[in-house]
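I have placed the structure first, in the form of structure tokens, so that the comments after it can refer back to it.
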Amino acid sequence: MDLILWRHAEAESLSEHGDDPERPLTPRGEKQAARMAVWLDRQLPDGLRVLASPARRTEQTVRALGRKYKLRAELLPGGSPDDLLELVQWPRTRGAVLVVGHQPMLGQVVARLLGMRAQECSMRKGAVWWLRHRQRQESVETILLAVQSPDHL
């Protein structure tokens with residue numbers, strides 16, 4: 001199973017837009033989402049499931065990809081790593097799932113799956129972390145396939 005985690009691109013600050021779920025992307029964030037979508041589109045496998053938080057900034061980010069997606073409330077800010085992992089059925093499902101969401105939940109999932117000591121891994125706005133669960137003979141492992149930031153494309 002592949003789990004691709006995509007943090008939403010840069011959004012307006014809460015002080016500029018008082019309602020957190022309704023915060024839109026900034027013009028820079030729109031460019032970040034578009035750059036990352038081009039990179040992702042070349043990499044993503046067929047049959048991919050795409051899930052996104054219903055917050056405005058995450059939906060704007062995932063729309064840049066131009067693929068079908070489902071909005072899931074479990075991915076809103078305040079959700080837990082357990083919510084995300086259960087939603088995607090990690091590691092029981094086959095294939096690939098792309099999740100567009102928020103910090104700190106995405107970073108907490110990365111830290112847990114890679115066995116980091118810290119409870120959270122910092123993910124840049126608009127960045128993608130691509131993880132794979134695999135079993136080789138008696139060994140089960142999670143490997144990090146890619147980390148990509150829109151500012152470095």
Side-chain angles (χ1 to χ4, degrees), residues 1-91 93 95-114 116 118-133 142 144-153:
M1 174 180 190
D2 284 5
L3 177 60
I4 304 133
L5 303 173
W6 187 8
R7 184 177 179 193
H8 66 79
E10 182 182 274
E12 288 184 7
S13 69
L14 194 53
S15 63
E16 292 172 0
H17 201 281
D19 188 12
D20 184 56
E22 293 302 316
R23 290 190 299 134
L25 294 180
T26 64
R28 179 174 185 247
E30 290 173 7
K31 290 175 187 168
Q32 288 175 330
R35 278 195 304 272
M36 189 55 68
V38 168
W39 181 84
L40 276 168
D41 196 49
R42 290 191 310 256
Q43 312 298 324
L44 294 172
D46 293 334
L48 171 83
R49 287 188 310 145
V50 182
L51 306 172
S53 160
R56 184 174 177 189
R57 59 196 179 273
T58 48
E59 189 170 5
Q60 286 178 299
T61 299
V62 75
R63 263 191 271 154
L65 188 58
R67 295 188 184 209
K68 291 183 180 181
Y69 60 91
K70 290 186 181 179
L71 299 177
R72 296 299 302 248
E74 298 96 319
L75 301 173
L76 281 164
S80 74
D82 290 332
D83 293 337
L84 187 152
L85 294 171
E86 184 58 34
L87 178 64
V88 301
Q89 300 286 300
W90 177 271
T93 247
V97 180
L98 171 64
V99 174
V100 185
H102 309 269
Q103 274 292 89
M105 181 177 22
L106 296 180
Q108 291 167 347
V109 168
V110 168
R112 180 185 296 180
L113 296 182
L114 295 179
M116 296 177 169
Q119 290 186 350
E120 176 184 334
C121 178
S122 180
M123 288 182 69
R124 295 179 64 113
K125 291 177 182 164
V128 167
W129 288 57
W130 193 316
L131 302 140
R132 176 170 290 161
H133 178 269
T142 300
L144 180 60
L145 292 180
V147 176
Q148 189 60 261
S149 169
D151 299 326
H152 296 101
L153 289 174

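Basis for what follows: all heavy atoms, side chains included, without hydrogens, waters or symmetry-related copies.
Nearest approach of M36 to P150, heavy atoms of both residues: CE-N, 3.2 Å. For the residue pair V88 and R49, the shortest heavy atom distance occurs at O-NH2, 3.3 Å. Listed here is the closest heavy atom pair of Q60 and P24: OE1-CA, 3.2 Å. In this structure, L76 and A55 approach most closely via the heavy-atom pair CD2-N, 3.8 Å. The two residues L65 and L98 make their nearest non-hydrogen contact at CD2-CD2, 3.6 Å.
Residues satisfying the salt bridge (charged side-chain N to carboxylate O under 4.0 Å, His left out) criterion with E30, sequence neighbours excluded, are absent altogether. For E59, the side-chain hydrogen bond (donor to acceptor under 3.5 Å, both in side chains) partners two or more places apart in sequence, or in a different chain, are Y69. Under the rule for a side chain to side chain contact (heavy atoms under 4.5 Å, CB included), the partners of P77 that lie at least two apart in sequence or sit in another chain are D20, S53, R57, H102. Applying the side chain to side chain contact (heavy atoms under 4.5 Å, CB included) criterion to A33, with sequence neighbours excluded, gives A9, L25, T61, A64. E10 meets the salt bridge (charged side-chain N to carboxylate O under 4.0 Å, His left out) test with R28; sequence neighbours excluded. The side chain to side chain contact (heavy atoms under 4.5 Å, CB included) check on S80 picks up D82, D83, with sequence neighbours excluded. Residues satisfying the ring-ring contact (aromatic ring centres under 6.0 Å, His included) criterion with W90, sequence neighbours excluded, are H133. For R72, the side chain to side chain contact (heavy atoms under 4.5 Å, CB included) test picks out L51, E74, L75, L87, with sequence neighbours left out.
Two residues are said to be in side-chain contact when any heavy atoms from C-beta on lie closer than 4.5 Å; I4 and L48 meet this criterion. V110 is not listed as a side-chain neighbour of L144, based on a closest heavy-atom distance of 4.5 Å or more.
With rounding to the nearest 0.5 Å, the separation of CD in Q108 from CD in Q119 is 7.5 Å. Atom-to-atom distance recorded for L106:CG and W6:CH2 is 12.0 Å, nearest 0.5 angstrom. Distance check, rounded to the nearest 0.5 Å: CD of E22 to CZ of R56 gives 6.5 Å. Summarising the geometry, atom CZ belonging to R63 is positioned 9.5 Å from atom OG1 belonging to T58; distances are rounded to the nearest 0.5 Å. Atom CZ of residue R35 and atom NE2 of residue H152 lie 10.5 Å apart, to the nearest 0.5 angstrom.
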Please set out all donor-acceptor pairs under 3.5 angstrom arising from side-chain atoms of residues 122-130, sequence neighbours excluded.
from: R124; atom 1: NH2; to: D151; atom 2: OD2; distance (Å): 3.4
from: W130; atom 1: NE1; to: D2; atom 2: OD2; distance (Å): 3.0

Which atom pairs, donor and acceptor, lie under 3.5 Å between side-chain atoms of residues 37-45 and protein residues at least two apart or in another chain?
from: D41; atom 1: OD1; to: R67; atom 2: NE; distance (Å): 3.4
from: D41; atom 1: OD1; to: R67; atom 2: NH2; distance (Å): 3.0

Run the side chain to side chain contact (heavy atoms under 4.5 Å, CB included) check on T142 and L3 step by step: do they pass?
CA-CA 10 Å; T142 300; L3 177 60; over 6 Å; no
